[in-house]
2 protein chains.
Amino acid sequence: MTKPPQAGSEDAAAASLRSIPEASVARLAVYLRMLGELAEQGSETVSSDELAAATGVNPAKLRKDLSYIGSYGIRGVGYEIAALVRQLERTLGLDHLQAVALVGVGNLGHALAGYSGFGGRGFPVTALFDVDPDLVGIHINGIIVEHVRSIPEICAERGVTIGMIATPGPAAQGVCDLLVGSGVRCILNFAPVVLQVPPEVEVRKVDLAVELQILAFHVARKHLAGQDTATLDSRVNGHAANGSGGMLP
Amino acid sequence: MTKPPQAGSEDAAAASLRSIPEASVARLAVYLRMLGELAEQGSETVSSDELAAATGVNPAKLRKDLSYIGSYGIRGVGYEIAALVRQLERTLGLDHLQAVALVGVGNLGHALAGYSGFGGRGFPVTALFDVDPDLVGIHINGIIVEHVRSIPEICAERGVTIGMIATPGPAAQGVCDLLVGSGVRCILNFAPVVLQVPPEVEVRKVDLAVELQILAFHVARKHLAGQDTATLDSRVNGHAANGSGGMLP
DNA sequence: GCAACTTTGTGCGTGCCTTCACAAGCGACT
DNA sequence: AGTCGCTTGTGAAGGCACGCACAAAGTTGC
Ligand SMILES: NC(=O)c1ccc[n+]([C@@H]2O[C@H](COP(=O)([O-])OP(=O)(O)OC[C@H]3O[C@@H](n4cnc5c(N)ncnc54)[C@H](O)[C@@H]3O)[C@@H](O)[C@H]2O)c1
Ligand SMILES: NC(=O)c1ccc[n+]([C@@H]2O[C@H](COP(=O)([O-])OP(=O)(O)OC[C@H]3O[C@@H](n4cnc5c(N)ncnc54)[C@H](O)[C@@H]3O)[C@@H](O)[C@H]2O)c1
C-alpha cells in the first residue's frame, strides 16, 4: 500500500469501503463515539493506547482497524481527533443523513421513537407506522404515526434508507416484505423471528432474549468451572477486555 | 471422539460447557426458540435441514453446533424435539431461573420492564431500580421500583444473577459498580458507554447506534459497489446474533 | 435379511480475525 | 545536527469459524 501522503481521500475512502471486515466496522463506530466525547473534553490528539483503553480494545487491533480507513496518524504523537472523526464519518456513510422508518409503535417502539440518540448521530427517525387505529394519527416527537399501508409512498417520499421493525413476531415478516418492496435495503429487527429477505437486503437482529441466554450460559459455566477445576481459565474468546495489556510473564 | 452411547448426560453437559464457541452459543439460543415453536405446532422430530432453513443457518454448521452439547440425533430421522429442548435448556443454564434486575426505568427501561418475553423464557425481572423520586415506589407489572441505594440488599435477597442497565450513559458505570459489588456477575448494558469491570464479570452491550452505523456502512458500500463494479457480491457473512461478531468488550 | 435411501456427525481445507513484535517515522531535547 | 524516546503501521503467525463432503448409522421397503 504505498500511498502518497497527499490524502487523495476520495480515493482512499472508495477503496477501503470494499474490504473492511465487518467486525472492524462495528468497532469503528465505537471509536467514533469515543472520539466525539474526547473532542468535547477539549482533546486534540489521542494515541492508540489511550483510545484502546477507553474503548476496551487491543491497541494493535485498533491501529489495524484505523489502517483500513486509510487515515494517517502521526508517529510519535497519535491521531488528530478532528481529522479522524471526519474520516470515520465518511467511511461509515455518515456524510449524509440516513432517514429511518420505524414500524410498530408499541412499548418498545415508543421508546425508540422518543430516543434522541438516533437523530443526534445522523439517523433521524422520519416515519412511524403502526396498524393500531388508536396509534395511527398521534404524533411522537413531532412525527405522526401513519398506517402501515402507507409504507411504500411515505418511504419513497422521505427517502428512507433504513427500516426498524418493532412489531410482534408474527407481524414482522409481513412488515419486512413491505419495507423491502418500498426499496429499503437495510433493516434492524427487534422481533424474535428470523426474517427472510432477498440477498441484496441487509438484516441485523437485536435479540434480547438471546443476549440473556448467552449471559445465562456464562453463569452456568462459571458455576461449574469454579467447583470443578481450579484452572480458572477465563479464556473465553471474544471479550478480551483486559485493555491495558497486563501480560504477566 | 468415540463416546459410549450411554448418555452420561451430567458428564456430557459438564464437559461441553467448557468448550462451546461463543458464536455457537448465540445460535443455540435461536435454535431453542425455534424448537419451542415447532413443538407448539405439534412436531415431534425435526431434521437439521429443516431447522437450519427455519433459522437461516447452514445445515452443517447447525449439526456441528448441536454436536457440542452432546445431544444425539437419530440418523435417518432427525432430532427428537422434546429431548433436544431439554438438552439445550440445561446447556444454556435454563434449568433454573435466572433472576434479572433492571436499573433505570426511563423510556427504554419501561419497555423492558413491561416485556413478557423475558419472564416467559426463564428470565424473570425481579427487581427494578431508579433514582428519580417520581419513579421510586411505582410498580410496573407488579414489581415496585426501588431506589438505587437498595441494590446490594435487594439483589442479594432475591438472588439476582443478571443485571440490565438502562440508565443514561454517565450514570452507567456507577450503577455497574453497584451491581458488581452486589455479586452480579453478568450485565447487559444498553447505555452507550464501555463499562470497566473486573475480569470475572461478563458484560454484553446492546448498542443501537452502532447497529445503525453498521447498516449505514452497508448502504454506502452498496452505492459505491453498484456503480463501480458489476460484481454484486453480497457475500457478507451471516449477520448472526451481534454477540459473536460484534463482541465489544 | 438385504439393499436402497435418509440423515447425522465430523475430518479437513479455506479464509477471516486477532495478536504479537518490530521496523519506520516523527518530535523533542541537547 | 544528532540522538533518544515515543507511537504508528504492518508482516507474520496462530487460532477460530465456516462449510464441504463423506463415512457411519439408522430406517424403510421388499
Ligand atoms: N418491549 C420490549 O422491551 C422488548 C424487548 C425485546 C424484544 N421486543 C420485541 O419487540 C417487538 C415489540 O415489542 P413491544 O413490547 O413493543 O410490543 P407491543 O405489543 O407493545 O407493540 C407492538 C406494536 O406493533 C403494532 N403492530 C402489530 N401488528 C402490526 C403490523 N402488522 N404492522 C405494524 N404494526 C403492527 C401493534 O399495534 C403495537 O403497537 C416484539 O416482537 C417483541 O418481542 C420487545
Ligand atoms: N430509549 C431508547 O430507545 C434507547 C435506545 C438506545 C439506547 N438507549 C440508551 O438507554 C439508556 C436509557 O435510555 P432512556 O431513553 O430510557 O433514557 P431516560 O432518560 O428516559 O431514562 C433513564 C432513566 O435512568 C434513571 N437514572 C438516571 N441516573 C440514574 C442512576 N444513577 N441510577 C439509576 N437510575 C438512574 C433516570 O431517572 C431515568 O428514569 C440511555 O443510555 C440511552 O442512551 C435508549
Side-chain angles (χ1 to χ4, degrees), chain A residues 1-3 5 12 16 18-28 31 44-53 56-80 83-84 87 233 235-247 249, chain B residues 1-3 5 12 16 19-28 31 45-53 56-80 83-84 87 233 235-241 243-249:
Chain A
M1 295 291 99
T2 58
K3 212 182 290 182
S16 59
R18 243 173 294 288
S19 54
I20 305 182
E22 185 113 343
S24 292
V25 175
R27 286 190 297 268
L28 289 176
Y31 305 153
E44 301 215 334
T45 63
V46 67
S47 72
S48 63
D49 277 27
E50 291 165 347
L51 189 53
V57 165
N58 180 301
K61 182 156 56 176
L62 183 144
R63 288 198 295 274
K64 184 149 288 189
D65 286 342
L66 291 184
S67 77
Y68 289 128
I69 70 172
S71 94
Y72 301 134
I74 307 165
R75 298 176 187 227
V77 176
Y79 298 88
E80 199 213 327
L84 191 50
Q87 189 80 283
D233 67 285
R235 296 260 353 117
V236 188
N237 59 8
H239 314 221
N242 63 7
S244 46
M247 282 294 79
Chain B
M1 294 297 97
T2 59
K3 209 184 292 181
S16 60
S19 55
I20 305 182
E22 186 113 343
S24 293
V25 175
R27 286 190 297 269
L28 289 176
Y31 305 152
T45 63
V46 67
S47 72
S48 63
D49 276 27
E50 291 165 347
L51 189 54
V57 164
N58 180 298
K61 183 157 54 179
L62 183 144
R63 289 197 296 273
K64 185 156 291 189
D65 286 343
L66 291 184
S67 77
Y68 290 128
I69 70 172
S71 95
Y72 302 134
I74 308 166
R75 298 176 186 224
V77 177
Y79 298 87
E80 199 214 326
L84 191 51
Q87 188 80 282
D233 68 293
R235 294 265 356 116
V236 189
N237 59 2
H239 26 191
S244 54
M247 257 334 52
L248 308 169

[X] has an atom [atom1]; how far is it from atom [atom2] of [N], in whole Å?
X	N	atom1	atom2	result
B:Y79	C:dT6	OH	P	18 Å
A:E22	C:dC17	CD	P	9 Å
B:D65	D:dA17	CG	P	10 Å
A:L51	D:dG9	CG	C1'	16 Å
A:E80	D:dT7	CD	P	17 Å
A:I20	C:dC16	CD1	P	15 Å
A:D49	C:dA21	CG	P	15 Å
B:Y72	C:dG9	OH	P	9 Å

Minimum-distance nucleotide to [X] side chain [options: [options]]:
X	options	answer
B:R63	C:dG9, C:dC17, D:dT7	C:dG9
A:N58	D:dA21, C:dC20, D:dT8	C:dC20
B:R27	D:dC18, D:dT8, D:dG9	D:dC18

Notebook entry, point to check: Would you say the side chain of B:R63 lies within less than 4.5 Å of the side chain of B:Y79, judging by non-hydrogen atoms?
Noted result: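 SC-SC contact between B:Y79 and B:R63 confirmed.
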
Margin query: Is there a side-chain contact between A:Y31 and A:L66 in this structure, where contact means two heavy atoms from C-beta onward sitting under 4.5 Å apart?
Written below: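 Counting from C-beta outward, A:Y31 and A:L66 do come under 4.5 Å.
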
Margin query: Distance check, rounded to the nearest 0.5 Å: A:L51 atom CG versus A:L62 atom CG?
Written below: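 It is 5.0 Å, given to the nearest 0.5 Å.
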
Next item on the list: Look up atom OH in A:Y72 and atom CD in A:Q87, then write down how far apart they are to the nearest 0.5 Å.
Entry: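 That separation rounds to 9.0 Å.
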
Check this one for me: any side-chain N or O of [X] less than 4.0 Å away from OP1 or OP2 of [N]?
X	N	answer
B:K61	D:dG19	yes
B:Y68	C:dT10	no
B:S48	C:dT8	yes

Check: Residues in side-chain contact (heavy atoms from CB on, under 4.5 Å) with B:K61, at least two apart?
Finding: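 Testing B:K61 for side-chain contact (heavy atoms from CB on, under 4.5 Å), a comparison that skips the adjacent residues, returns B:R27, B:V57, B:N58, B:D65.
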
Next item on the list: Indicate, yes or no, whether a donor-acceptor pair under 3.5 Å links the base of C:dG9 to the side chain of B:K64.
Entry: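 It does not, because no donor-acceptor pair links the side chain of B:K64 to the base of C:dG9 below 3.5 Å.
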
Check: How would nucleotides 23-30 of chain C be written as a contact map, 5' to 3', with B for base contact, S for sugar-phosphate-only contact and - for no contact, using protein heavy atoms under 4.0 Å?
Finding: -BBBS---

Checklist line | Along DNA chain C (nearest heavy atom to each residue), the more 5'-positioned of A:S24 and B:G78 | finding: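 Nearer the 5' end of the strand: B:G78.
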
Check: What are the two closest heavy atoms between B:S47 and B:V77, and how far apart are they?
Finding: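 Closest pair (atom of B:S47, atom of B:V77, distance): CB-O, 4.4 Å.
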
Margin query: Using five base pairs at each end to define the local axes, how bent is the helix from C:dG1-D:dC30 to C:dT30-D:dA1, to the nearest 10°?
Written below: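 The helix from C:dG1-D:dC30 to C:dT30-D:dA1 shows an end-to-end axis angle of 10°.
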
